[in-house]
Amino acid sequence: MKKVLLLGDSIRMGYDQYVKELLEGTCEVYYDEQDNGRFAAYTLWQANQFFRKYGKFDVVHWNNGYWDMNIEAPMAEPMHPVDEYVHFLKRIIAEIRRNGAEIIFATTTPILDNGASLDNTGTGTSITYSNDWVIQYNDAAKKLMAEECIAVNDLYTLMHHDPNFYKCGDGLHLTEEGSRVCAEQAARMIAEKL
């Protein structure tokens, strides 16, 4: 049976189980149930762990963004300024291609109002967010994916189907409905790649 790997932050953790259910019988879907991919350098490490443990995958669907653009006090700059973000995206692409998998990159979801929220996966980290940052990082990622001929799952645009961008009370994470909407689009794109 074909194998799919889902990588990414807590937004991915909101939709991963739904993707698995939607693709049941079509492929095996792998993801980290306990930990999210955080920032791109961490996702690079996490991808390597999956490749080492499970071997070759047919498709990798992945996102990064919120943690990369996060300015966590007392730091004065993002975890990964845009040029570093792109650098690590390139490294992740290279490792996925070395694994032999097709790639789908998912954009970061939009933000209604600037603010901050605790990561909901138990890391204890507060994520600061701004839609201006989201647009800047998404633009850089989409440009790279176009250059690399990589499919983009545009979750940013998808979330605009709801006036509140499917955001739950913390302003960062998605409602269950939002996670299901993301899962449907991700599963459809993955199925096309398979």
Side-chain angles (χ1 to χ4, degrees), residues 1-40 42-68 89 92-93 95-97 99-110 119-123 127 134 137-138 141-142 145 148 150-162 164-168 170 172-194:
M1 188 173 280
K2 296 197 172 184
K3 290 167 31 183
V4 172
L5 176 60
L6 305 179
L7 295 170
D9 57 26
S10 55
I11 301 300
R12 183 271 305 165
M13 292 181 83
Y15 63 72
D16 52 23
Q17 180 62 38
Y18 301 132
V19 171
K20 185 174 185 173
E21 290 168 8
L22 290 166
L23 294 174
E24 189 173 357
T26 303
C27 60
E28 294 177 288
V29 179
Y30 295 76
Y31 50 86
D32 193 320
E33 295 180 25
Q34 305 300 320
D35 195 10
N36 74 60
R38 305 179 193 191
F39 44 89
Y42 192 85
T43 296
L44 175 64
W45 173 84
Q46 199 175 49
N48 191 58
Q49 304 313 302
F50 272 95
F51 297 157
R52 182 182 322 165
K53 185 171 183 178
Y54 299 107
K56 299 288 183 187
F57 285 87
D58 295 285
V59 177
V60 174
H61 179 284
W62 133 74
N63 78 287
N64 282 111
Y66 284 137
W67 282 69
D68 297 273
L89 296 185
I92 295 166
I93 290 166
E95 289 306 313
I96 295 172
R97 285 185 169 155
N99 181 267
E102 293 283 331
I103 305 170
I104 301 170
F105 180 81
T107 56
T108 300
T109 57
D119 171 54
N120 66 357
T121 61
T123 62
I127 306 292
V134 172
Y137 279 67
N138 276 344
K142 288 189 295 186
M145 300 309 152
E148 295 288 340
I150 291 171
V152 173
N153 180 0
D154 192 355
L155 298 182
Y156 184 89
T157 299
L158 181 67
M159 295 296 94
H160 280 81
H161 292 140
D162 179 82
N164 294 313
F165 305 150
Y166 298 101
K167 294 293 178 174
C168 67
D170 70 6
L172 178 66
H173 298 97
L174 301 178
T175 61
E176 182 179 345
E177 182 184 6
S179 291
R180 287 184 181 276
V181 169
C182 286
E184 288 166 8
Q185 183 157 293
R188 186 166 49 252
M189 291 187 72
I190 291 166
E192 288 170 4
K193 286 285 184 188
L194 293 172

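With contacts defined as side-chain heavy-atom distances shorter than 4.5 Å, the pair Tyr31/Met13 does not qualify. Counting heavy atoms from C-beta on, the side chains of Glu24 and Val29 never come closer than 4.5 Å. Contact of the Val4 side chain with the Leu194 side chain is registered, since non-hydrogen atoms from C-beta on lie closer than 4.5 Å. Contact of the Lys193 side chain with the Asp58 side chain is not registered, since no non-hydrogen atoms from C-beta on lie closer than 4.5 Å. Using a 4.5 Å heavy-atom cutoff, the side chains of Glu102 and Ile190 are not in contact. When side chains are defined from C-beta on, Thr43 does not count as touching Trp67, because their heavy atoms never get closer than 4.5 Å.
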### Task
Dump the intermediate steps for side chain to side chain contact (heavy atoms under 4.5 Å, CB included) on Leu174 and Lys167, then the final yes or no.
CA-CA 5 Å; Leu174 301 178; Lys167 294 293 178 174; 4.2 Å; yes
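No hydrogens or angles considered: a donor-acceptor pair under 3.5 Å links the side chains of Tyr18 and Glu176. A side-chain donor-acceptor contact under 3.5 Å links Tyr66 and Thr109. Residues Asn153 and Gln185 bring a donor and an acceptor atom of their side chains to less than 3.5 Å of each other.
Remark: of the listed residues Asp35, Asp68, Asn64, Asp35 is the sole one forming a side chain to side chain donor-acceptor pair (under 3.5 Å) with Tyr42.
Taking the six-membered ring where the residue is Trp, Trp62 and Phe105 present perpendicular rings, their angle passing 60° and hence far from 30°. Between Tyr54 and Phe57, the ring-plane angle classifies as perpendicular under the 30° and 60° cut-offs.
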